Engineer: 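After the structure tokens below, expect a handful of questions from me.
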Amino acid sequence: MTTRRWQLAHGRYLDLGPKAVVVGILNVTPDSFSDGGLFIAPEKALEQARRMAKEGAAVIDVGGESTRPGFAPITAEEEQGRVLPVIAALAASSEALISVDTYREDTARRAVAAGAHIVNDVWGLQREPGIARVAAETGAGLVIMHTGRERQKLPDVIEDQFLFLRKSLEIARAGKVADSQIVLDAGFGFAKETAEENLDLMARFSELQALGYPLMAGTSRKRFIGSATGREAGDRAAGTAATSVILRLKGADLFRVHDVAINVDALAVTDAMLARETELPPGH
């Protein structure tokens, strides 16, 4: 499997390809769909970040505004008040890679200055294109996510991915972001309203490799997993791990999850099988 080096801020990097990378979700919000309010206190957030790193998360993704359906927007100042102290404290006390989950240029710039290595934009640079400039100027890794919110989608799930993400990549290139800084995220659950649409995206996920960039999967505890399992959000760890295995086999490199340990183990077995598969002689 080809190794691609993901360039990050502050002289850091991640090698993607041979081994799956787990990104731990740290929501410092009162209203996220499955863990709202649990980690809004900075000391609780840091404790959870350290726990996820110990369980095998290579990246901690810190978000200060819920992006669940029907979320209540907050101000940039409120977002920064939640995420910046946690990022600064984590950077000062840990070697973990830190991502900031934001679509605001000012928050992204301040977060990188505080110690973040990656900017994760759920609006794919199409809400505040200046995030591309932040990434270019700081060298931060950039996750560009697909969303179907606030626009008319194409009926074909993959054609819509290409339509949106190619526009986002044009913004990134115009902002002088290097290809080596970019990861793409298919945006499971973001205006994919039905279980069938998310399952179709998962079934055809390998087609996204045609875009030529490393891919992140963010299925964790999503509603379509609940539709398949009948379980509430907090009980979807096993279902999430199943999607991680499927998406790893279809080419995903990074996995953004709430429940780190079970996904780390599931992906380790998947990677061991993939490595063994390359060693088997033809015909076996």
Side-chain angles (χ1 to χ4, degrees), residues 6 8-10 12-14 16 20-29 32-36 38-40 42 44-68 71 79-80 82-91 94-104 107-108 110-112 114-124 131 134-135 138 140-147 181-190 214-222 237 240 244 247 252-261 263-264 267:
W6 189 20
L8 312 177
H10 310 299
R12 301 288 294 277
Y13 63 86
L14 260 178
L16 305 176
V21 172
V22 171
V23 178
I25 298 170
L26 183 59
N27 289 319
V28 287
T29 64
S32 290
F33 78 97
S34 71
D35 58 358
L38 293 179
F39 310 116
I40 196 165
K44 291 289 187 183
L46 287 170
E47 181 182 328
Q48 176 66 358
R50 293 178 183 125
R51 179 183 301 114
M52 290 191 294
K54 186 175 181 181
E55 290 177 351
V59 180
I60 307 299
D61 188 44
V62 184
E65 179 176 284
S66 173
T67 53
R68 64 181 173 80
F71 73 95
E79 179 188 41
Q80 291 164 20
R82 293 174 181 177
V83 302
L84 295 182
V86 173
I87 290 170
L90 189 56
S94 170
E95 287 298 306
L97 293 169
I98 305 165
S99 171
V100 60
D101 180 351
T102 186
Y103 57 85
R104 293 184 175 94
T107 301
R110 291 172 184 268
V112 176
H117 306 91
I118 300 159
V119 178
N120 178 15
D121 182 0
V122 299
W123 284 93
I131 282 187
V134 173
T138 64
L142 180 62
V143 180
I144 297 173
M145 198 195 79
H146 173 281
T147 184
Q181 293 174 255
I182 295 172
V183 163
L184 302 180
D185 184 332
F188 284 93
F190 281 75
L215 300 170
M216 179 182 284
T219 59
S220 189
R221 301 182 181 177
K222 293 290 173 74
T240 298
S244 294
L247 289 164
D253 299 283
L254 301 104
F255 300 83
R256 184 177 179 275
V257 301
H258 299 84
D259 304 289
V260 169
N263 283 276
V264 166
L267 288 164

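Excluded from the calculations below are hydrogen atoms, water molecules and symmetry mates; all remaining heavy atoms, backbone and side chain alike, are included. Quick note: residue numbers are just sequence positions, from 1. Here the structure is a predicted model, which is why all the values come from computation and not from measurement.
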Engineer: Which pair of heavy atoms, one from Pro214 and one from Leu16, lies closest together, and at what distance?
Structural biologist: CB-CD1, 3.6 Å

Engineer: Is there side-chain contact between Thr147 and Val122, with heavy atoms separated by less than 4.5 Å?
Structural biologist: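 No, too far: nothing below the 4.5 Å cut-off.
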
Engineer: I'd like to check the side chain to side chain contact (heavy atoms under 4.5 Å, CB included) partners of Arg12; sequence neighbours left out, ordered by chain and number.
Structural biologist: Leu8, Glu95, Leu97, His117

Engineer: Which heavy atom of Val112 sits nearest a heavy atom of Ala140, and at what distance?
Structural biologist: CG2-CB, 4.1 Å

Engineer: Could you pull out all residues at least two apart from Asp61 that satisfy salt bridge (charged side-chain N to carboxylate O under 4.0 Å, His left out)?
Structural biologist: Arg256

Engineer: For the side chain to side chain contact (heavy atoms under 4.5 Å, CB included) test, which of Leu142, Asn120, Thr107 pairs with Ile131?
Structural biologist: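 Testing each of Leu142, Asn120, Thr107 against Ile131, the sole residue satisfying side chain to side chain contact (heavy atoms under 4.5 Å, CB included) is Leu142.
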
Engineer: Measure the shortest side-chain to side-chain distance between Val21 and Asp253 over non-hydrogen atoms and say whether it is less than 4.5 angstrom.
Structural biologist: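 No, too far: nothing below the 4.5 Å cut-off.
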
Engineer: Can you find a pair of side-chain heavy atoms, one from Ile60 and one from Met52, that are under 4.5 Å apart?
Structural biologist: yes

Engineer: Taking salt bridge (charged side-chain N to carboxylate O under 4.0 Å, His left out) as the definition, give me every residue that meets it alongside Glu47, ordered by chain and number, with sequence neighbours left out.
Structural biologist: Arg51

Engineer: For the pair Thr240 (side chain) and Arg221 (backbone), establish whether a donor and an acceptor sit closer than 3.5 Å, ignoring hydrogens and angles.
Structural biologist: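 Yes, Thr240 side chain to Arg221 backbone: donor-acceptor pair under 3.5 Å.
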
Engineer: Any side-chain heavy atom of Leu90 sitting closer than 4.5 Å to one from Leu46?
Structural biologist: yes

Engineer: Heavy atoms, side chains only, cut-off 4.5 Å: are Phe190 and Asp185 in contact?
Structural biologist: no

Engineer: Closest heavy-atom contact between Ile25 and Ser220?
Structural biologist: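 Here Ile25 and Ser220 meet closest at CD1-CB, 4.1 Å.
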
Engineer: Would you say the side-chain atoms of His10 pair up with the backbone N or O of Ala116, donor to acceptor, closer than 3.5 Å?
Structural biologist: yes

Engineer: Please round to the nearest 0.5 Å and tell me the distance separating atom CD1 of Ile118 and atom CH2 of Trp6.
Structural biologist: 4.0 Å

Engineer: Donor-acceptor pair, distance only, cut-off 3.5 Å: does the side chain of His258 make one with the backbone of Ala237?
Structural biologist: no

Engineer: Please confirm whether the backbone N or O of Ala135 pairs with a side-chain atom of Gln181, one donor and one acceptor, at under 3.5 Å?
Structural biologist: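 Yes: the side chain of Gln181 pairs with the backbone of Ala135.
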
